[in-house]
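Since the structure comes first, as structure tokens, the remarks are kept for the end.
We name chains A, B, ... by the order of the sequence lines, and we start the count at 1 in each one.
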Amino acid sequence: MSDPLLSIRDLVTQFDTADGTVRAVDGVSYDVYPGETVGVVGESGSGKSVTVMSVLGLIPEPPGRIADGQVLLEGRDLLTLSDAEFRDVRGKDIAMIFQDPMTSLNPVLTVGSQIAEAIEVHRSHLSDDAIRKRVIELLELVGVPNADDRFDQYPHEYSGGMRQRAMIAMAIANEPKILIADEPTTALDVTIQAQVLNVLQTAQDETNAGTILITHDLGVIAEMADRVVVMYGGRVVETGTVDEIFHSPKHPYTLGLLSSLPRPDADLERLEPIPGQPPSLINLPSGCAFHPRCRMGNDRQRCRFETPERIDLDAGRSTACHYYEEMDAEIQRVQDATGAEISTEDEDA
Amino acid sequence: MTDPTPRHDTSTSDPEEPPPGGVLAESDEQVAAYSDGSEIAARSQWQLFRRKFFRHKLAMGSLVYLAIVVVAAINAETVAPYAYDDINVVMRGTAPTFEEMHFFGTDQLGRDYFSRVLFGARTSLSVAWIVAVVVGVIGTTVGAIAGFYRGWVDAALMRMTDLVIIFPALAVLLVFAALFGQGRPTRIGIILGLLLWPTLARIVRGVFLSLREKEFVQAARACGAGDLRIMFRHMIPNTIGPIVVNMTLVMAAAIIIEATLAFLGFGVNPPTPALGRLMDEGRSSMQTQWWLIVMPGMALVSIALAVNFIGDGLRDALDPTQQEK
């Protein structure tokens, strides 16, 4: 493979709270290559959003602090940049699409002027007419009808799906190298979700940006992602291609996510949800953070006291489980228990 | 959407073009209306605001009244039947009458009282206007910086604000008047403004503290916008409502304080009439010549009330939580 566009290396992001220092992101590493989509999955509080906020330099300091690690964009460490240099990167090299299109547009400015602003900030030499033309092009690209009229409308005159399209237009306005989408469809109706994902795909094809897609929806991952990063308790627990993650997970947490999904295609006897609650980052379990909820660990000493390090299985394939070799048996057990088919290579052809 | 296997075949529809039904499938009547050519005009914030404000009868009445007073006061030289120091010896101490247009009567020297009240109102209004500008600029700037940067900047600015709040305004003004003598409306206005900005600063700070956590501010930041751009382009426009409402209330307060000062014998330079001084002068003879205190008093109260009512109307119209009935 070519060199990664974006490379996150051993990132540690901490927050100082009244109850002590919280490591929201604890040694996270992953790469994004040009034109690919990396799906990041995990429960709330697993650190997936904090990771990308750190990449964008948008962690509020204080209480937040990036304590360690590197964020390399084409080899340049973003974390060493000055504020002004970082501002230049944001929106131009790395752009972000936020979760809730209802609140990510300023209610008192027209949608067009907000997209125009994204261009203006980085290319102040362009004339107003040229910017307007470009914005209308962008709006058309993301499928906003009557873009010329819609330019001058306010966010409340847009529906949720249209607003998210506008947000995508804003994000790709400067043809970024990295596009970060933080749960871009979570706040939308199911019927709109697929459309917005299509638009996102279009936008990505147009710019050939490497995309980081954060979601807790495995369906979205299956549809959009090339590779998957699974996060739990501020750490990366498994990485792999979509096929690998869905058909031969090497971490019991990933398997837990898969087996807690209702699947219309499979004749399920029952779901097997992950027991317990997502961990509190303030009081993270010792050893493997997942061990209190793990069906495979059986309270083994090693799981309770020794934090599993990343084990590289293959290029781009890694896990952070002491007993990943037992996963085949575990998958078999889950299949027997639920009637789901996970590893039988059922490539829906 | 929850099926983890890649079976949603999205490749059949060209991603360049949303599927033909796609646009219509937006569950928004507006969008549907657009695609068949008939537009349903959405109401803008401004239209909603206007509707609500126009329905507020008291505020509308006050606005009309105040507009008339302001126009009359600005053009006092042409509107007033007499100059404020013209003396009509024949009609000294006349009660309000239409005779020779002494609508508010005349004082002991025979000066037309309506003209004097009108010029007095001009003084009050110009002081109020200057106060509003000074308060608006200082209060917004201090509050915005404190709320935006938080931390020690916030702490320092807010302690300074507390310090100004505890100044007894009247005492400070009296000291200033004693030190520098009576001044022109501009001076009084600026001094008053320097004393009255803390409330606005606190309000703006509060709004900024909540705004800075809003996603659209994050989004602007993620686009590479700098602090100043975010503050002036994204946050202050979202704060206009509270700022305007507070400024009207401050104007009403300034009118009253200026009148108090004038009543106590300070305030603007003597030949210029001020409502407070007219009341002070009328005080001694109010037993026999009631109009000398009632007329400027009525003018003062009505102007202050009108400004207050407009502030009320603005607040109601700008408050999205107040539902239309």
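- Only the backbone of A/I94 comes within contact range of chain B, with heavy atoms under 4.5 Å apart.
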**Request:** Please test B/C223 against A/M170 for side-chain contact (heavy atoms from CB on, under 4.5 Å), starting from the C-alpha separation and ending with a verdict.
**Result:** CA-CA 8 Å; B/C223 283; A/M170 196 188 294; 3.7 Å; yes
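- For a heavy-atom cut-off of 4.5 Å, chain A lies close to B/R150 in residues 136-158 of chain B.
- Considering every non-hydrogen atom in both A/L58 and B/A222, the closest pair reads CD1-CB, 3.9 Å.
- Of the listed residues A/H122, A/M53, A/M96, A/E117, the one with more heavy-atom pairs under 4.5 angstrom with chain B than any other is A/E117.
- Here B/R229 pairs with A/E120 in a salt bridge; the nearest charged N to carboxylate O distance falls below 4.0 Å.
- Contacts of A/M102 with chain B are absent, with no heavy-atom separation under 4.5 Å from either backbone or side chain.
- Within the 3.5 Å criterion, the main-chain N or O of B/A225 finds no donor-acceptor partner in the side chain of A/R87.
- Closest approach of B/P237 and A/V108 over heavy atoms only: CB-CG2, 3.5 Å.
- In this structure, OG1 on A/T103 lies 12.5 Å from CD on B/E213, to the nearest 0.5 angstrom.
- When each of B/E215, B/K214, B/H234 is tested with A/N106 by the rule side chain to side chain donor-acceptor pair (under 3.5 Å), just one qualifies, namely B/H234.
- Looking only at side-chain heavy atoms (C-beta outward), B/F216 and A/P107 come within less than 4.5 Å of each other.
- When heavy atoms are compared at a cutoff of 4.5 Å, A/M224 does not approach chain B at all.
- Contacts of A/D100 with chain B are made by both backbone and side-chain atoms, with heavy-atom separations under 4.5 Å.
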